[in-house]
Structures are given as C-alpha cells and as structure tokens.
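Count residues from 1 along the sequence. First listed ligand is number 1; within each ligand, the first listed atom is number 1.
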Amino acid sequence: MLRPNNPEWRQIPWDRALAAASPSVASALEKSLAGSELGFEEGMTLATVEGNDLVALTKVADELRRRVVGDRITYVVNRNLNFTNVCIVGCAFCGFSRGPDSPDAYFHSTDALLAKSVEAVERGATEVCIQGGLPKDLNGYYYVELLRAIKARLPELHVHAYSPMEITYGVEKTHLPLSDYLLMLKDAGLNSIPGTAAEILDDSVRRSLSPNKLKVRQWIDVIRTAHALGIPSTSTMMYGHTESPEHWVKHMLLLREIQKETHGFTEFVPLGFIHSQTKLFQIGGARAGHSPHEDLIVHALARVLLHGYIPNIQVSWVKLGYEQSLACLEAGANDFGGTLMEESISKAAGANFGEYVSPGEFRALIRTIGRIPAERSTTYKIRKVFENPDAEEVMPSGPMPIFGTPTTHTPVTSTGY
Ligand code: SF4
C-alpha cells in the first residue's frame with residue numbers, strides 16, 4: 001500500500017487520489033474541500049479507510065493543510081520539566097508513575113527546576129512545559145508557588161503547565177472554585193495549559209483506562225474555564241489502546257464543538273499509546289499500541305474533521321519516532337512539536353524516543369520531505385523561517401527507524417501526557 005513519506009506517494013496529485021476513492025469517501029472529502037463540516041457518519045466513513053481510500057484521505061488532508069497553513073513545518077524550542085513521578089491516580093495505561101517508596105521515585109526541588117529553566121533559556125528555549133504525577137501529600141498551592149519562582153527569575157519565558165487533572169487536583173486540595181484557582185495560576189504567570197489527561201473523552205473508555213481520573217465533564221469544565229479566562233490550551237487524544245474509530249470521531253467532534261465556543265485550542269496532538277510497560281497491556285486489557293495505519297488515519301482524520309476550527313495538527317515525535325512523524329506530516333499534520341530537551345515520561349515508560357531533538361535536527365528532518373522549517377512560539381507566532389539550510393542542520397545520529405517496521409520504533413508505552 002502506498003504511504004506518505006514515500007517519493008511515489010508524493011507524486012500523486014490529491015485530485016487523482018480523490019478520483020480513485022470509493023464514492024462515500026470521495027463524497028465526504030469533497031465536502032470538506034468545499035469548506036463544509038463533516039458529521040459523525042462521514043467521520044466514521046473516513047476513520048475506517050484502507051487502500052485507495054487511505055491514499056485519498058491522506059492526500060486530501062495534506063491539501064487542506066497546505067491551504068490553511070502552507071508548506072511550513074513549525075516547531076517550538078522548549079524543555080519538559082517533570083517535577084515528580086510520584087502519583088496516586090493509578091492509570092492502567094501509565095508506565096511513568098511510581099509509589100512514594102519506589103527506589104526510582106523523585107521529586108525535584110524548586111531550585112533544581114529553576115536551574116533547568118535557566119539552562120533551557122540559555123540554550124534557546126522559549127517555553128517550559130511542566131507536568132508531573134499527583135503525590136498524596138501535595139500542597140494545593142505548590143503549582144502556583146512553582147510558577148511564581150520561575151516567573152520571578154524568567155518573566156519572559158512561556159510557561160505551559162499543568163494538565164486538567166493537575167488543575168482539578170489543585171482545586172480539590174485548596175477547596176477554591178475552579179475559576180478562582182485558574183485565575184490564581186494565571187496571575188502567577190501561567191501562560192497556557194496542556195490539554196492532556198483527555199485520553200478518550202468518553203466515560204466508559206475512561207473507566208477501563210483509569211477509574212480515578214477526572215471525568216469527561218470535569219475535563220471540559222477545566223478547558224472551557226481556562227479558555228474563558230484567556231488561558232489557551234492544546235488538545236490531545238490517546239489512541240491505540242481499547243478505543244475504536246467511533247471514539248476517535250466523537251472525540252474530535254467534541255473538541256470541535258468546544259473550539260467553536262471558546263477558540264482557545266492552539267493545536268490538536270494525537271498521542272499514540274505506548275503499551276509494553278503498562279499494566280493495561282500486561283493484563284490483556286488493551287491492544288499492542290498504535291499501528292502505522294492508525295497513525296496515518298488519526299492525523300489525517302483530525303485535519304479533515306477539525307478543518308476550519310483548529311489549524312494546527314501536531315505530531316508527537318516521542319511517540320511516533322522520526323519516520324512515522326514525517327509520514328504524518330505528509331498526511332495533514334503541520335507541526336513537529338517541541339525539542340523537549342528532557343522528556344522523562346515517555347522515556348521512563350519505555351519509549352525509544354524522548355530525550356532531545358535539536359532545532360537543527362528538526363530542520364534537517366523537515367527538509368527531507370521538501371518542506372520549510374520555521375521556529376514558532378507556543379501560541380504559533382512565527383519566530384524565524386529557515387528558507388535555506390544552515391550549518392546547524394544535521395540529521396539525528398540516533399535511530400532512524402524505517403517506516404513500516406514497528407519493532408524498530410513503535411514506542412512501547414505511554415502516559416496520557
Ligand atoms: S497518567 Fe498521570 S495521573 Fe495517571 S498515573 Fe500516570 S502520572 Fe498519574
């Protein structure tokens with residue numbers, strides 16, 4: 001089967017691919033190209049494509065991407081700060097969390113996190129992304145105190161922090177109303193929040209993944225309240241575990257409805273489930289992670305279903321690896337995410353990727369598919385376009401997995417982050 005990130009695939013014009021699609025797939029894609037919203041049934045038609053229909057979906061998604069955001073592939077220079085891996089929630093899909101007495105449990109001090117933030121800025125980062133586990137005895141004001149410490153030293157640094165789960169935990173700990181808690185975080189310097197902890201926004205799926213996690217209604221409340229207060233967020237979906245295509249479609253349509261109301265999502269980030277070190281997989285409760293076929297469908301489907309509302313579709317290179325990231329960037333996605341510098345969560349859980357990709361490596365990778373690299377801010381303001389290669393552009397020396405051989409690069413476990 002022809003796939004993106006393949007010279008032969010690249011030669012096929014989108015309209016020729018569309019002409020070879022089955023009538024129902026062609027009809028849905030034509031409607032999207034004409035600027036109309038697709039509904040659930042059309043989403044389901046696209047979520048289950050194979051063969052020529054998959055080529056048509058990815059080609060049309062790539063064309064929609066070109067029309068909306070052009071040929072640039074953006075990335076942000078950032079650093080992940082995972083302040084603790086101690087967590088009481090017990091999500092069955094998580095390979096990151098540890099009990100407080102575990103020999104590899106950690107809780108970094110504020111001074112250490114501050115030092116990492118300073119180092120990140122010195123290395124060109126414009127953002128730190130802060131998330132962590134939920135320890136039992138966490139002070140509900142910890143999140144705000146950490147923000148204040150970072151902002152006092154680095155007022156210009158964009159702080160992208162705290163999932164809806166963490167914010168809900170802070171609200172529970174402090175007994176403050178949600179809006180007051182978020183406003184306190186904003187006043188302390190919170191610039192945006194990760195739309196993680198979404199997994200699949202369906203309570204029956206969530207019960208099987210993590211009965212202790214926040215419910216769909218709570219996730220939506222945090223996001224809508226944050227957006228109303230002028231705090232933007234990303235949006236995410238974890239796929240490749242117990243869910244079915246129906247859940248992908250419903251999840252994306254729900255995000256689209258929220259975005260119509262709030263306009264607060266900066267991007268959508270599909271997160272492939274990395275299975276092997278998770279309880280969920282080990283007890284036979286989930287399939288063996290995301291497949292290359294699912295990766296393509298999910299990224300292309302997101303481009304089509306969110307068309308007109310969420311302009312940026314991001315690949316998670318930590319979950320996908322380089323080759324599959326590039327394939328998805330030719331199937332509707334337009335953003336490479338962050339350089340990360342440190343990404344403990346997927347790495348600790350067993351992923352083959354997840355330390356650091358330098359900006360030069362990102363640009364070299366982007367150049368291999370004939371697109372133009374551009375560094376962006378967290379909120380997608382373009383900081384610099386790299387029309388021509390420079391001396392810093394070098395291909396990563398680490399593993400460059402070959403597309404279609406999942407043993408070399410399919411990540412092996414995942415959290416919802
Ligand atoms: S996914 Fe997050 S909330 Fe769930 S167990 Fe892991 S660290 Fe805790």
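The aromatic rings of Tyr181 and Tyr143 lie perpendicular to each other, with more than 60° between the two planes, well past the 30° mark. Ring geometry for Tyr142 versus Phe83: interplanar angle of 30 to 60°, hence tilted.
At a cut-off of 3.5 Å, with distance as the only test, a side-chain donor of Ser244 or His247 sits close to an acceptor on the other residue.
Around atom 1 (S) of ligand 1, the closest heavy atom drawn from Lys213, Glu199, Arg98 belongs to Lys213.
For Phe268, the ring-ring contact (aromatic ring centres under 6.0 Å, His included) criterion is met by no residue, not counting sequence neighbours.
Close approach to Gly90 involves these atoms of ligand 1, each under 4.0 Å from a residue heavy atom: 5 (S). Heavy-atom contacts of Cys94 reach the following atoms of ligand 1: 1 (S), 5 (S), 6 (Fe) (cutoff under 4.0 Å).
Sorted by first and then second residue, the ring pair (Phe, Tyr, Trp, His ring centres under 6.0 Å) pairs involving residues 221-246 (not counting sequence neighbours) are His227-Phe265, Tyr239-His290, His241-Phe273.
Among the backbone and side-chain atoms of Cys87, no N/O/S atom is found under 2.8 Å from atom 4 (Fe) of ligand 1.
Assignment of Gln131 to the shell around ligand 1 is not supported, since no heavy atom sits closer than 4.0 Å.
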